[in-house]
Number of protein chains: 2
Amino acid sequence: MQIDPNHLIILAAVVDEGGLTQGAAALGKSQPSLSRSLSALEARLGLPLFEKGRRPLIATELGAALAAQGRLIRAAAAEASVQTGLYAGGKTGAVRVAGTPVFMDAVIASMIAGFQQANPNVRIDQSYGYADTLIRDVQSGTLDMALCPLPPDAVPEGLTFDEILQGRNVIACRIGHPLARKKTLRLSDIAPYPWIAPPTASPLYQDLKAILAEIEVDDFRVSFSGGSISAVRTVLEGSDSLTILPYSVLFMMRHHKSLTALDIRIRHAPRHLGILSAQASSDRPVVRRFQRHLAHEFKSLARTITHQQQASVWGV
Amino acid sequence: MQIDPNHLIILAAVVDEGGLTQGAAALGKSQPSLSRSLSALEARLGLPLFEKGRRPLIATELGAALAAQGRLIRAAAAEASVQTGLYAGGKTGAVRVAGTPVFMDAVIASMIAGFQQANPNVRIDQSYGYADTLIRDVQSGTLDMALCPLPPDAVPEGLTFDEILQGRNVIACRIGHPLARKKTLRLSDIAPYPWIAPPTASPLYQDLKAILAEIEVDDFRVSFSGGSISAVRTVLEGSDSLTILPYSVLFMMRHHKSLTALDIRIRHAPRHLGILSAQASSDRPVVRRFQRHLAHEFKSLARTITHQQQASVWGV
DNA sequence: CCTCAATATACCTTAACGTTATGCAGATTG
DNA sequence: CAATCTGCATAACGTTAAGGTATATTGAGG
């Protein structure tokens, strides 16, 4: 016996509202429409849904039972509408985002926290990676967006790269480091100190090699490698090691007052931190929404950085 | 956003079956039909339900979310069909039945038990009453059926009375009763013994009065009154009291071997035990089914009674 | 008995559904 | 890499069913 869900919805409305007229009003239809629909349903079932010859139109046992199912259907349809609304508004769904480890942990994580506070039904699937794999995954659709530094001319075809910060790296050390006090620094001054090495695949590693080549040190001493930003920070704080970090990462840790940057400008190819995404990815409301959130957060971060630099309170 | 439940059902089928073609087969429709329905839904929502340009037709997050609702709707519609089937087959619903107390307890209760064993989803709402109130309640639709003795000419207009047993009453006593041994009994023999009186409203009470009038006893001694069949039986078993009971009630208690009937024929107006029901009540499948069950049970009960009487194993 | 309110019916219009035939594109295989 | 195959989308057309307005009908209550 095939039953049209719409008929069950109508039945539920009529039973719940207590009459054809009220039910019609509740559903935004006309009374004769409901009358006919229910008659059709009764005819199809071959069984009465309402007691006959009763004016307040009282449901039979069967009518009541089917009305219960109609209520479920109505609720499901309403829930579907709600889900659609949330989805369209970017309030639900999943975002797959990746980026360079240090940057994700030190900068993006807190932005994700803020987003999730406002959007508890959005799931963020985060992972780590470097430029080449990130590009590949964004292109293949495995990732919705990636956060990484990229040279301006290295943006692959078909991808969008929204710049969010200058990709400047600095040499970081603990605040009490011998070099931190010196006003004028030469590259050769840093030669004696051991290094915390970034992962080989990281662009930071290239920058580190460039620095050391500049001061003509071939076999630099690596005291620690392979750790996340948390481990790096701990080691940095407890030793005279140096490392190379994105300026923004160091900036985000300013409140701990434990690390600082040496006053040495590192030369490297010009690049920006940015959000890499497929051009067609904007059809996912959540993704767009999260991307806007990040862009907004970075804009205010950039403002804060500029302000701080002008105030010279926390100094590079 | 108004969403057609049928579209959600289609969506669920396509997602679950893994394609338009399979989904169409599952729903018994054609593939183009589903294609168009889903296109219409996407257009209405303004959001894609499936990843575009994908051959195995994979659902988007929204598509999956709405498919879940579609599954609920499909389940509810299926449940409605099941309910309808059960209802039409008389396997579910409620039956409101009433009858004279002694008869309901001693005879009908075990028949109800058998019915419920086979039809656990049918609810039996039983109550007690005598002819006049039973007739009124059946006529008003408060009762679906009533079981009581009725003279053939007393069947009210608009009601059906299906006879199921002869309405013969007998004088009952314990097996060890002094009168039970006597082969030939006269009405005057019973005069000395105290009576257990049926409720005044009961037809049994009239019969009792008739008997006593026949033996010209005006003020008979009532030792007990107002009890249910259970209480009456207990008192009867433990004393030399007499009472008047429908023969069928006594018959149902034959296995206890504690009560018997005196060999005296009570004269009363001819009447039958029967099922009283409104003529229009047959539109309730459960009622019809239960009524058939009772009729069947009584037919076999009548056979058993006849058989027993011929065998003279248990005497009247 | 009469009136009122609520439901059923009549009739019409329109939109949605279903089917067949066919075009098109992603996948697969050699 | 090309050819083919499978599966989805589109078109055209007929049918069904839903919705609306106007109106008849029928219980319920005074």
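Computation of the quantities below employed the complete heavy-atom set of this structure, encompassing side-chain atoms and omitting hydrogens, waters and symmetry-equivalent molecules. Just so we're clear, the structure is a prediction, and the values are computed from it rather than from any experiment. Each chain gets a letter, A, B and so on, in the order its sequence line appears, and its residues count up from 1.
- For the pair B:Lys29 NZ and C:dT19 C1', the computed distance is 13 Å after rounding to whole Å.
- Interface remark: the A:Gln31 side chain does not form any donor-acceptor pair with the C:dA6 base, using a distance-only criterion of under 3.5 Å.
- Here B:His272 contributes atom NE2 and B:Ile164 contributes atom CD1; the two are 10.0 Å apart, rounded to the nearest 0.5 Å.
- In this structure, the CG atom of B:Leu20 is 14 Å from the C1' atom of C:dG26, given to the nearest Å.
- A straight line from CD1 of A:Ile58 to C1' of D:dA28 spans 15 Å, rounded to a whole angstrom.
- With hydrogens and angles ignored, the 3.5 Å screen pairs no side-chain donor or acceptor of B:Arg289 with any backbone N or O of B:Lys91.
- The distance from atom CG of A:Leu49 to atom OG of A:Ser39, rounded to the nearest 0.5 Å, is 9.5 Å.
- Here the nucleotide nearest the side chain of B:Pro32, chosen from D:dA9, D:dG19, D:dT21, is D:dA9.
- The phosphate of C:dA8 (OP1 or OP2) has a side-chain N or O of A:Ser35 nearer than 4.0 angstrom.
- In this structure, B:Phe50 places its CZ atom 16 Å from P of D:dG7, rounding to the nearest Å.
- The side chain of A:Thr21 places an N or O atom within less than 4.0 Å of a non-bridging phosphate oxygen (OP1 or OP2) of C:dT7.
- Of all nucleotides listed (C:dT7, C:dG18, D:dA18), D:dA18 comes nearest to the side chain of A:Asp4.
- In this structure, B:Gln2 atom CD and C:dA15 atom P are separated by 17 Å, rounded to whole Å.
- Looking at which nucleotide of DNA chain C each of B:His7 and A:Gly18 is closest to, the 5′-most match is held by A:Gly18.
- Nearer to the 5' terminus of DNA chain D, by closest-nucleotide assignment, is the contact made by A:Leu34 (compared with the other of A:Pro56 and A:Leu34).
- Distance from the side chain of B:Ser30 is smallest to C:dT20 among C:dT20, C:dT7, D:dA18.
- Atom-to-atom, CD1 of A:Ile10 to P of D:dA17 comes out at 14 Å; the value is rounded to the nearest Å.
- Within the 4.0 angstrom heavy-atom criterion, no nucleotide atom of any strand lies near A:Ser39.
- For A:Arg36, the side-chain atoms get nearest to C:dC11 when compared with the rest of C:dA6, D:dA28, C:dC11.
- Between the P atom of C:dC24 and the CG atom of B:Leu57 lies a distance of 20 Å, rounded to the nearest Å.
- Between A:Leu38 atom CG and D:dG19 atom P the separation is 11 Å, expressed in whole Å.
- At distances below 3.5 Å, at least one donor-acceptor pair connects side-chain atoms of A:Glu61 with backbone N or O atoms of B:Ala94.
- Side chain of A:Asn119 to backbone of A:Asn121: no donor-acceptor contact under 3.5 angstrom is found.
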